[in-house]
Amino acid sequence: MHTWTRMCFTAVLGAAFMASAAQPTFAGQVETKGKAKMGGEKSLYERLGGKKAITAVVDEFVANVAADARINKFFALTASDPKRMATFKGNLVDQICQAGGGPCTYAGKSMKEAHAGMGVSTADFSALVEDLVKALDKLKVGQKEKNELLSVLGPMKSDIVEKP
């Protein structure tokens with residue numbers, strides 16, 4: 001997987017998967033398919049609108065990253081190869097789907113492994129998150145769902161960022 005693909009994919013979805021899998025269960029939550037959620041509440045996957053809606057978010061997000069001169073250099077090779085891009089987007093969708101409690105399975109690398117030696121900075125990470133927020137806002141994802149998805153990125157930052 002190319003540097004651009006690894007950074008974007010693992011930053012967003014790997015973070016979501018790993019952080020959600022490690023989340024503790026709180027009073028009032030029930031365990032469903034390995035994902036903790038509030039009693040009676042739908043999973044994040046369902047609240048996002050399922051795989052079709054997640055695919056739309058990924059498409060918009062990838063377009064934002066491709067247009068973002070701050071970070072698109074990490075993704076240039078993947079962006080230039082339609083087959084590689086399709087695989088990248090599919091993996092990203094699966095990772096978000098799984099992290100949100102959906103039926104998909106993500107089998108990618110850990111954040112640390114995927115980003116080793118890339119030299120990702122705090123500014124690069126922040127730009128990526130901004131591009132995701134822009135996609136979520138454009139597609140009118142609810143504030144609760146947006147915050148829940150973004151909350152899984154924070155704990156992964158230390159595995160992704162190698163320089164201040």
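Note that the structure is a prediction, hence the values are computed from the model and not measured.
In this structure, S43 and G101 approach most closely via the heavy-atom pair OG-O, 4.3 Å. Nearest heavy atoms, S80 versus P82: O-CD, 3.7 Å. For D68 against D131, the heavy-atom pair with the smallest separation is OD2-OD2, 2.8 Å. Between E162 and M118, the shortest heavy-atom contact is OE1-N, 3.1 Å.
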Test log, rule side chain to side chain contact (heavy atoms under 4.5 Å, CB included), inputs K134 and K138: CA-CA 6 Å; K134 184 177 174 182; K138 181 175 181 178; 5.7 Å; no
Side chain to side chain contact (heavy atoms under 4.5 Å, CB included) between F125 and I71, intermediate numbers included: CA-CA 9 Å; F125 183 86; I71 58 173; over 6 Å; no
Side chain to side chain contact (heavy atoms under 4.5 Å, CB included) assessment of T105 paired with D94: CA-CA 6 Å; T105 301; D94 285 346; over 6 Å; no
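The pair D124-R70 does not meet the salt-bridge criterion, since no charged nitrogen lies less than 4.0 angstrom from a carboxylate oxygen. Here E145 does not pair with K42 in a salt bridge; the nearest charged N to carboxylate O distance is not below 4.0 Å.
Here the straight-line distance linking atom CE of M85 with atom CG of D59 works out to 10.0 Å at 0.5 Å rounding. Remark: L139 CG to L48 CG distance equals 10.5 Å, nearest 0.5 Å. Distance check, rounded to the nearest 0.5 Å: CZ of F74 to CG of L128 gives 9.5 Å. Of the inter-residue distances, the one linking N64 atom CG with L136 atom CG reads 9.5 Å to the nearest 0.5 angstrom.
Between the side chain of Y45 and the backbone N or O of A99 there is no donor-acceptor pair closer than 3.5 Å. E60 places no side-chain N or O within donor-acceptor distance of the main-chain N or O of V57, the cut-off being under 3.5 Å. Of the possible polar contacts, one joining the Q98 side chain to the Y106 backbone as a donor-acceptor pair under 3.5 Å is found. The backbone N or O of D137 lies less than 3.5 Å from no partner atom in the side chain of K140, so there is not a single donor-acceptor pair. Not one N or O on the side chain of D159 forms a donor-acceptor pair closer than 3.5 Å with the backbone of K112.
For K146, the NZ atom sits in a packed shell: over 12 heavy atoms of surrounding residues, nucleotides or ligands are nearer than 6.0 Å.
For the side-chain hydrogen bond (donor to acceptor under 3.5 Å, both in side chains) test, no residue two or more places apart in sequence or in another chain qualifies with D81.
Using modelled atom types, one finds a donor on one side chain and an acceptor on the other under 3.5 Å when comparing N147 with Q143. If you check the side chains of E148 and S151, you find no donor sitting under 3.5 Å from an acceptor.
Counting heavy atoms from C-beta on, the side chains of P164 and S121 never come closer than 4.5 Å.
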